[in-house]
Every structure is written in structure tokens, then in C-alpha cells.
Amino acid sequence: MWGIDEKDRRVLIVDSSFQPYFYAVLEENEDPKQVYERIMNEKPRLPLIVNVELDRRKFFGEPVNVARIYCQDPDAIQKYAKVIRSVRGVKECLETDIRYSMRYLIDNDVTPCAWHEVDVKEEESIRGVQVDKVYSACSAPERIQKDDIPQLRVLSFFPICYASKGSPKPERDPVVIIAAVTNTDEKKVFTAKEYDDRDLMHSFIQYVKNFDPDIIVGYQTNQQYWQYLIERAVTLETSLLIDRAGTWPHRSVYGHISITGRASIDMFDFADELPELKVKSLENMTAILGVKNLKEQRIIHELEYSDFWDDEEKRKELLEFALEKAECILGIFEKMFIYASELSKLVGLPLDHIGKAAVGFRTEWYLIREAHKIGELTPERMEQPYIPYAGGMVLKPKPGIHENVCVLDFKSMYPNIMIEKNISPDTYVPPSKPEPDSRVNVAPEVGYRFRREPPGFYKIVLTKLISARDEIRQIMRKVDPSSLDYQLLDARQKAVKVITNAAYGYTGWIGARWFRKPVAEATAAWGRSMIMKSVEIAKELGLDIVYGDTDSLFIKYDPQKIETMIRRIREQLGLEIRPEKTYRRILFTEAKKRYCGLLPDGSLDNVGLEVVRGDWANVAKATQEHVLELILKENSVEKAVEFVKSLIRDLREHKVPYRDLIIWKTLTRPVEKYKVNAPHVETARILKRLGWDLTVGDQVGYVITQGSGRLYERVKPYALASYKEV
DNA sequence: AACTGTGGCGACTAGA
DNA sequence: TCTAGTCGCCACAGTT
């Protein structure tokens, strides 16, 4: 364990007492002691087994006999489990694929980014290990209540690779600049001697060693830059020793690059946490987080790096540019750090893994920890066929403009349905099984059964999450909103909310260990039935419903009747529904999931319309937004028409900024795999021909040039077109 | 040759 | 993590 102690010393604690293990689940009709003997008989073939213990656990809620098999070498577990599986009386082996490091954290309830107490003995420092103290653990670490954040040393860096032709290639092209900025206000720019980056690499490595950061941040470092630096170091036949243990950065789980003893964080991985961030560039993320306005940011396109480097005059600009980028990255880190560490604490994945782990894995690691606490075994991951199921219900909107519309929302609908009906992977009663004594809840439409008692795994976990969030929000009310404490609590409740919301989707994910399609399907079915029943209640009261989506109803405002409706829903359905907001005026088209409403504070709520989509040019989005404003706020269609006319004039006269004409789209597959000639695909093909590497997830920006013919025949990458031809 | 209708692809958002 | 839903564009067939 790499950590920081209360005196801000960097420490390494080695706990050699921990033994990795896995479980063998025993057949029900077998005598556990006999199976134990049979397992022990295998010992000569499996010499690394150190101990076998019999125990009781639960698997999908069913009590089972298990043998916990301790194995000296974690790498041998998979192989050993294979042998043990064939022992008579062993049904299956479980938890064989839980990494040793995670096993340690879970079993000792050690939480990353949190304070713990542990009895230690000081040890001699280990060669090549860069810490203040090395200890061995004499006790299991114990979590303590302490929220202070220690003084962390953070280093942000931004490299610039010279590209002689297309994308830079590490075996050919040097790293010409590395800008580094620290949270102690040090700024450094390392440069190559023309095209020789040997010294640059050495001095950067030396600098990192000297500053000894706890956290190294960058942008696109996991996918790009670390790999580049690694391969570059190999090409130059130098070493890249920048960690605290004398090893190279290495690729680890989820495609993350690990730096031993430090947390290596790629801020790009956190771009998904910001839904309003459409084009995931460093510039946009910097702007959206309020670190620096777009207009104040220097722009040098990747295409131009080599031109700037080759030209002595412009080279200075490139250096300043790199430094600015490193500063922006540090700024982004500071805005996101608290959230990242709260998420890490909640889920239990280390800070450097949490960003790269997809939502499904975050949810899963949270569940694995909770399962361990209640003696529930974690299922193995299994291949599942993909079969879709029916989800939420969307009501047809009444097109046109409506005045005073109130939105009623069910509070955490799916989680609360799962709690209320005890829907869980372990409470599901398959058709082949008889109805248990505890009786069952039967889902509407789909007919799946879930036993009512005892509380299922999901009910336990979701109840805990929901009440945790309520508690945090209670405390927040008493805290000064501008304080650090408030930020901390807010980040904490957001992290809890994300995991709570993902729980339903998780059970329907075919990659999930706890995948049970009936769980997801039944939850959605109950959701549909709830909303339909609510519509009935509203109709009985004579309320006018103009729209609804999954867990919400849009109703013409009528305070008394709405009050009655809320009460009836609580009494008859057992769920909480509440007024979320009221629109002064709202516009629906004939389409579902698309509308624009005017809120009491005068702001517009744009839902689903082009305004909020990332695949429209800025000029189109801004125009739609303004038109909606004129219609909803000023009630004037004429003004809107006039505005559009003047905009078209501006467009023809090239008065609209070039940047606003670019259309961005994401590549969802390798360029060769596309079946159609879509504009963004054609753009990608052009870039590829010029030597630029494009992979899945890359965003391409293009403009449509003047002329006639198909759009894909007229596209150009935005950096390669001139305004005149657009 | 120019238009119209339709099915499929692809990207993205709304809601949990 | 899931499903529901929209919309633009392309490709192709059929009509004017």
C-alpha cells in the first residue's frame, strides 16, 4: 500500500500476512468433510495450496457449503480452480477472477483515498523505492473517520510530438516539447535540441523524480501519450523510470497506464462525467469547467505542430501553447479531483483506475464489496446472448404551445420499485421452482416472480444508497455552500446517485456478473404499470396530461387536483411522486423526447432538440435557440422569421465565425468497417489517406463546401478547408 | 433527367 | 449499465 501519513510523509506499507484464496462451492447432498478430504488429496498435485477451510456462504441468496482454498501464488489460482472443479462433490469454483490487490482491499475493507490506521514496524528502506518510510503491517488496516485531504503533490504535463508525416510515430518522430506544471506553481518546459529528444527525455524523467509527485495528470495520456513516451524511450534505448519503485509505466486493467506508487490520471477519462461537453477536446473541457474561456485559449492544431517547430519565430508560440495546455489540465484536475476521489472511495477502485473503469465496472465493484459484507458470493462473469427487452413508456405529446404546465416526477423510480417489490438477482423465482412460503410479487405483463422475504441483495444495497444520499443532503443544508465541506458532500452525493441510477441498467447488461434479465425486465414492466395507473388517476380527477416519459407526467397546472393526485399515488401505488418544476410556457412538436419549456426564472429548458445535440454546427444550434427564445419569451413568430432571414444573409456574406460552421461526429467503428458513404466517414477517410491515425471514439470535425452533389462529396476536414469554399 | 417514397444506417439524446 | 425515440443522409426503386 502506497500512502501518506498524518505527518505528510510518503510511506509504503507491506502486508505479507495476506493469503489469496478462492471458493469451491460444494454439492448440496455431499458431506462437506468428505469433499474436504478429497480436496486435500489433490494437494500433491497442487503444492501451492496452503490451507483449506470449510464455511457457509450464500450464492444468489441460497445458503451453500463452501471450501475456501488458500493458495500461495495468486497467479496459480485459475489453474488450480480448474483442477478443483473436477473433484467429486465440488459444484463450481467462485471468485477465482478477483485480482489479488482488490481481494486485499475488499477483505480488509480498505478504501482508496481514505484514512486508515494500521500498526506497523519500521523496515529498512528498499533499494529503488522512493518513499520516506517503509513499514511492514502488524495489523489489518482499519478505516477511520477523517475527511481531511493531505497536501498532495500534483504534476500536470503536456507533450508535443513532432509529426513529419500524418500522425507522429514513436519509432520515427521525436517528442519536441514536454511542458510540466505543478500545483506548487512550478512551470517547466523541456525542449528537444532541434530533432534530438534524448536530453529532453532525461531531464523530464529527472524532473519527475525530483518533484516526486503523488499524482501525475495529463490529457489523453492513457490512450496516447504514455504509450508514445514508452515506445520513444525504447527507440532511444533509454529507460523511463518515473515511478516510485524503479519500474516502467505499464498497461493495467481497463487499459489504464499505471505508474507504481503514484496515481496516474487521464482527465480525458472524466470527460464522460460532463454531459454538456459534446466534443471532448481539452479546449472544450477547460472552457466548460470554467478554467479558461475558449476565446482566451491559444489554438494550434496538431496538423501545425511541425510547422511551428520548424520555424524559429513560431517555435516560441508553440512552447507557450504547451505550457498553457499543461496549466489547463491542472485546472481541470483541480475541478474534478474531489468527485474522482469520492467516487473512488464509494466504489473502492483506486483513484487511478476509477476514471478509466466504465459505469458497469464501477457498479460491479461496489456490489462485490457489499456482497462480501453480507456473505454473498460473487458470480463469475459469463458469456450471455444478447436479447433485448421492453423498457420505459413514453406518452405522445400534445403538439403546440401550452401555458403553465407542471412536471410531476417519481422519486428514483426504478430503485424504489426494486426496493418495494424486492426485485433482485437472488429473489427471482424461476418458473421451474415452486412458490416459496414467503409468497411472491408477480410483475405485470411479463409475469416474473420475486419472493417477498427476506430482503434481497438489491433491496439492501439500494436502501443503503438512497438513505446515504438523503443523509448527505440533510447535512448539506446546514453547511455553507461556498465551503470546501459543501463541495465534498456534493461530490459524495453525486457519486452515490450515479451508482444508484446505474443499478437497474447493470442487471440488464449481458456482461454483468449479476446479470438477470428478468430483474431488469420486471423493473421496467412495473415502471410502465405505475405510470399508466398514474395517468388513470389523473384522468379520473379531470387533469389534462400533455406529455410523459418513463417516470414523469406533464400536467396543466391545477394545484388542488395535483395535490389529490400525489396523495392517491402514494396511497394506491406506494410510491412518492412530486412536482419537479412548472413551465410558464412549453412548446411540443409531434415528436417524443423533444420540447422546449420556459421556466419561471426566464431560462429555457431545451430537451432533445438540435440545440442540445453535439452533431450539429454551432450556427444551427444557436439559431434554433434564439428562435425558441423569441417564440416562447416574446411570443413573436414574426421576430423569429426576421431573425432567421438576417442570419441567412450573414451566412451568405461569410460573417459567421468559421468555427461555428464545423460539424462534429464520433467514429463508432474502424473507418474500413463502415457500410455507407456518410459525410463524417468520408472526412475520416481523407484524414487517413493523409497519414492520420483514427480509431473508434475519435471525433472528426468537417465542413461542407459549396457546390452541388452529395454531401459526402463536398466534405472537408475543418482544418484543411478555407472559409471561402464553405 | 428530376423528383418522391421508403428502408436501413448511424449518431445522438431522454429517461432510469 | 439499459431501452425508447428522433432525425439526417444514402441508396435504390418507381413515377413524372
Side-chain angles (χ1 to χ4, degrees), chain A residues 272 275-276 278-279 357-367 384 386-397 407 409-418 423 462 466 497-517 519-528 530-531 547-554 580 588-595 605-617 620-621 624 663-669 673-682 684 696-697 699-700 704 708-715:
Chain A
D272 287 338
E276 66 275 36
K278 308 291 180 186
V279 180
V359 181
F361 291 104
R362 292 179 189 172
T363 311
E364 190 151 273
W365 281 112
Y366 177 79
L367 291 174
Q384 305 280 356
Y386 172 71
I387 307 162
Y389 64 89
M393 194 169 66
V394 191
L395 306 180
K396 247 173 89 174
V407 183
D409 249 27
F410 280 100
K411 192 188 158 205
S412 319
M413 186 194 233
Y414 286 176
N416 275 318
I417 286 176
M418 292 172 119
I423 310 171
L462 290 171
I466 288 177
K497 186 185 172 188
V498 166
I499 299 298
T500 314
N501 269 346
Y504 149 76
Y506 172 83
T507 58
W509 171 41
I510 51 171
R513 290 169 186 263
W514 275 282
F515 171 70
R516 280 285 182 276
K517 202 174 69 130
V519 170
E521 215 175 341
T523 307
W526 255 303
R528 288 193 298 274
M530 297 291 175
I531 204 86
Y547 179 60
D549 187 348
T550 316
D551 75 326
S552 66
L553 288 173
F554 291 55
E580 190 69 22
F588 287 109
T589 65
E590 294 193 350
K592 296 170 174 181
K593 293 184 187 278
R594 295 179 150 243
Y595 57 85
D605 214 356
N606 272 300
V607 180
L609 296 164
E610 282 72 10
V611 185
V612 295
R613 293 178 65 100
D615 56 349
W616 283 73
K621 297 198 280 182
Q624 189 183 49
I663 300 165
W664 289 89
K665 275 196 166 75
T666 314
L667 294 178
T668 58
R669 61 199 69 193
K673 291 262 169 72
Y674 279 96
K675 294 175 193 159
V676 294
N677 296 316
H680 69 296
V681 179
E682 186 53 30
V696 176
Q699 284 164 314
V700 290
I704 307 289
S708 63
R710 303 248 178 237
L711 287 183
Y712 71 85
E713 291 164 348
R714 296 192 282 142
V715 295

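Throughout, a chain's letter reflects where its sequence line sits, starting with A, and its residues are numbered from 1. Keep in mind the model is a prediction, meaning the values are calculated, not measured.
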Determine the contact category for A:Gly505: base if any of its heavy atoms lies under 4.0 Å from a base atom, sugar-phosphate if only primed atoms, P, OP1 or OP2 are that close, otherwise nothing. base
Can you check the A:Phe554 CZ to B:dA14 P distance for me, whole Å? 12 Å
Rounded to whole Å, please give me the gap between CE in A:Met393 and C1' in B:dA16. 15 Å
Would you please test A:Arg594 and A:Glu610 for salt bridge (charged side-chain N to carboxylate O under 4.0 Å, His left out) and show each step? CA-CA 9 Å; A:Arg594 295 179 150 243; A:Glu610 282 72 10; 3.3 Å; yes
Counting neighbours of NZ on A:Lys497 that are heavy atoms of other residues, nucleotides or ligands and sit closer than 6.0 Å, is the number greater than 12? no
Range on DNA chain C touched by chain A, heavy atoms, distance below 4.0 Å: C:dT1 to C:dA11
For A:Tyr712, check ring pair (Phe, Tyr, Trp, His ring centres under 6.0 Å) against everything at least two apart and list the hits. none
Regarding A:Arg669 and the six-membered ring of A:Tyr674, is the cationic atom NZ or CZ under 6.0 Å from the ring centre and inside 45° of its axis? yes
Considering every strand and a 4.0 Å limit on heavy-atom distances, what is the contact class for A:Val681: base, sugar-phosphate, or nothing? nothing
Suppose we screen for ring pair (Phe, Tyr, Trp, His ring centres under 6.0 Å). Which residues come up paired with A:Phe361, at least two apart in sequence or across chains? A:Tyr254, A:Trp509
Which part of the nucleic acid, if any, lies within contact of A:Pro388, taking any heavy atom under 4.0 Å across all strands shown: a base, the sugar-phosphate backbone alone, or nothing? sugar-phosphate
N/O-N/O pairs, protein side and nucleotides 4-9 of chain B side, under 3.5 Å:
none

Please state how far atom NZ in A:Lys665 lies from atom P in B:dC12, giving the value in whole angstrom units. 7 Å
Ring centroid separation for A:Tyr595 and A:Phe554, is it under 6.0 angstrom? yes
Want to settle it: does A:Val394 or A:Asn501 sit nearer the 5' end of DNA chain C, counting the closest nucleotide to each? A:Asn501
With a 4.0 Å cut-off, would you call A:Glu580 and A:Lys411 a salt bridge? no
Indicate, with a heavy-atom threshold strictly under 4.0 Å, whether A:Ala678 touches base, sugar-phosphate, or nothing. nothing
If you draw a 6.0 Å radius around CD in A:Glu276, do more than 12 non-hydrogen atoms from other residues or ligands fall strictly inside? yes
Go through the structure and list residues passing ring pair (Phe, Tyr, Trp, His ring centres under 6.0 Å) with A:Trp664, not counting sequence neighbours. A:Tyr718
The nucleotide from B:dC12, B:dA16, B:dT13 with an atom nearest the side chain of A:Asp615 is B:dC12
Categorize A:Ala512 for me: base, sugar-phosphate, or nothing, with a 4.0 angstrom heavy-atom threshold over every strand shown. nothing
Mind calculating the distance between CD (A:Glu682) and C1' (B:dG10) to the nearest angstrom? 16 Å
B:dT13 OP1/OP2 closer than 4.0 Å to side-chain N/O of A:Tyr595: no
For A:Tyr504, ring pair (Phe, Tyr, Trp, His ring centres under 6.0 Å) partners two or more places apart: A:Tyr414
Using the side-chain heavy atoms of A:Lys593, tell me which of these nucleotides is nearest: B:dA14, B:dG10, B:dT13. B:dA14
Nearest whole angstrom, please: distance from the P of B:dA16 to the NZ of A:Lys497. 8 Å
At under 4.0 Å between heavy atoms, what does A:Trp514 touch on the DNA or RNA strands: base, sugar-phosphate, or nothing? nothing
Closer to the 5' end of DNA chain B via nearest nucleotide, is it A:Phe410 or A:Gly614? A:Gly614
With a 4.0 Å cut-off on heavy atoms, is A:Ala358 in touch with a base, just the backbone sugar-phosphate, or nothing at all? sugar-phosphate
Give A:Thr363 one of three labels, base, sugar-phosphate or nothing, depending on what nucleic acid heavy atoms sit under 4.0 Å from its own. nothing
Ion pair check, A:Lys593 and A:Asp549, cut-off under 4.0 Å: yes
Interatomic distance where OH belongs to A:Tyr712 and C1' belongs to B:dG10 [whole Å]: 16 Å
Between CG of A:Asp605 and C1' of B:dT13 the distance, given in whole Å, is 14 Å
In whole angstrom, what separates A:Glu610's CD from B:dC12's C1'? 11 Å
Across the strands shown, which category fits A:Arg613 at heavy-atom distances under 4.0 angstrom: base, sugar-phosphate, nothing? base
